[in-house]
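Only one structure is covered here, and it is reproduced in the block below.
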Amino acid sequence: MTGMTRLGVVLTDRGSKYAVTGAHVTSRDEVDAVLRDLKSDKTYAKATHNTWAAMLPNGALKADDGESGAGMVILRMMQRAQMHNHVVIVTRWYGGKKLGGDRFRRVQDATRAYLEHLGVAS
């Protein structure tokens, strides 16, 4: 496993803040290690959601962490970009106002920022 790429807060919407992080991974154990490393930072450990998706050699994994449907949004974008052996984590700190369907657009925006940072088409 190589190091994590943490872009930090990439956008805000009605008080909610979104950050994006990713890493090269090839197994579920490596995904778990990246999540542990990220959450070792108290700021990320206290986040409302750490939603993620991973494309591994043996298939795709995702977790919504309470943000129903968000893992699939990340996974679909990774699949379109043909991004393999990677995990992308979108972190949200809830800002007090519900975003409705816009929350999926913010997850897309955060994921897109990460893919663009890597120079991968989304």
Side-chain angles (χ1 to χ4, degrees):
M1 180 178 74
T2 60
M4 235 183 348
T5 301
R6 192 182 310 184
L7 298 186
V9 175
V10 293
L11 62 105
T12 60
D13 186 347
R14 287 166 268 181
S16 286
K17 295 178 184 176
Y18 289 84
V20 64
T21 305
H24 180 271
V25 293
T26 57
S27 69
R28 175 60 195 252
D29 287 344
E30 289 181 355
V31 170
D32 291 342
V34 170
L35 290 166
R36 271 193 311 275
D37 190 18
L38 181 68
K39 292 177 184 179
S40 71
D41 180 329
K42 289 181 184 177
T43 303
Y44 285 81
K46 292 179 180 179
T48 313
H49 309 287
N50 281 293
T51 303
W52 60 270
M55 296 278 290
L56 304 174
N58 60 348
L61 298 171
K62 62 180 174 54
D64 293 333
D65 191 28
E67 186 81 290
S68 184
M72 183 56 79
V73 171
I74 300 167
L75 183 59
R76 284 188 183 133
M77 291 183 74
M78 291 177 72
Q79 288 170 332
R80 277 198 305 272
Q82 297 182 2
M83 186 175 208
H84 300 284
N85 301 326
H86 219 89
V87 61
V88 176
I89 306 150
V90 175
T91 302
R92 178 184 180 191
W93 293 271
Y94 182 65
K97 293 184 182 170
K98 293 189 181 292
L99 302 182
D102 285 345
R103 72 186 189 278
F104 297 117
R105 282 187 274 288
R106 300 298 80 85
V107 170
Q108 284 178 324
D109 292 342
T111 304
R112 187 173 300 109
Y114 184 77
L115 296 176
E116 288 173 357
H117 176 78
L118 294 184
V120 179
S122 61

Can I get a per-line list of side-chain donor-acceptor pairs under 3.5 Å for residues 66-73, giving both atom names and the distance, sequence neighbours left out?
from: Glu67; atom 1: OE1; to: Arg103; atom 2: NE; distance (Å): 3.3
from: Glu67; atom 1: OE2; to: Arg92; atom 2: NH1; distance (Å): 2.9

Student check: side-chain heavy atoms of [X] and [Y] closer than 4.5 Å:
X: Asp65; Y: Trp52; value: no
X: Thr111; Y: Val90; value: yes
X: Thr51; Y: Val107; value: no
X: Ile74; Y: Lys62; value: no
X: Leu115; Y: Arg112; value: no
X: His86; Y: Tyr114; value: yes

Hey, could you give me the [atom1]/[atom2] distance between [X] and [Y], rounded to the nearest 0.5 Å?
X: His24; Y: Met83; atom1: NE2; atom2: CE; value: 9.5 Å
X: Arg80; Y: Leu75; atom1: CZ; atom2: CG; value: 10.0 Å
X: Thr26; Y: Asn85; atom1: OG1; atom2: CG; value: 6.5 Å
X: Met4; Y: Asp37; atom1: CE; atom2: CG; value: 3.5 Å
X: His49; Y: Ile89; atom1: NE2; atom2: CD1; value: 15.0 Å
X: His84; Y: Leu56; atom1: NE2; atom2: CG; value: 11.0 Å

Any pair counted as salt bridge (Lys or Arg N to Asp or Glu O under 4.0 Å), so long as it reaches residues 15-26, sequence neighbours left out: none
Within one Ile-Leu-Val-Met-Phe-Trp-Tyr cluster: Tyr94 and Val10, side-chain cutoff 4.5 Å: no
Closest heavy-atom pair and its distance - [X], [Y]:
X: Ala45; Y: Lys39; result: CB-O, 3.2 Å
X: Ala81; Y: Val120; result: CB-CG1, 3.4 Å
X: Gly95; Y: Ser16; result: N-OG, 3.0 Å
X: Leu7; Y: Ala113; result: CD1-O, 3.8 Å
X: Leu11; Y: Ala110; result: CD2-N, 3.8 Å

Worked check of side-chain hydrogen bond (donor to acceptor under 3.5 Å, both in side chains) between Asp29 and Ser27: CA-CA 5 Å; Asp29 287 344; Ser27 69; 5.1 Å; no
Salt bridge present between Asp13 and Arg105 (N-O < 4.0 angstrom): no
Enclosure of Arg6 CZ (heavy-atom neighbours >12, cutoff 6.0 Å): yes
Parallel, tilted or perpendicular: rings of Tyr44 and Trp93 (30°, 60°): perpendicular
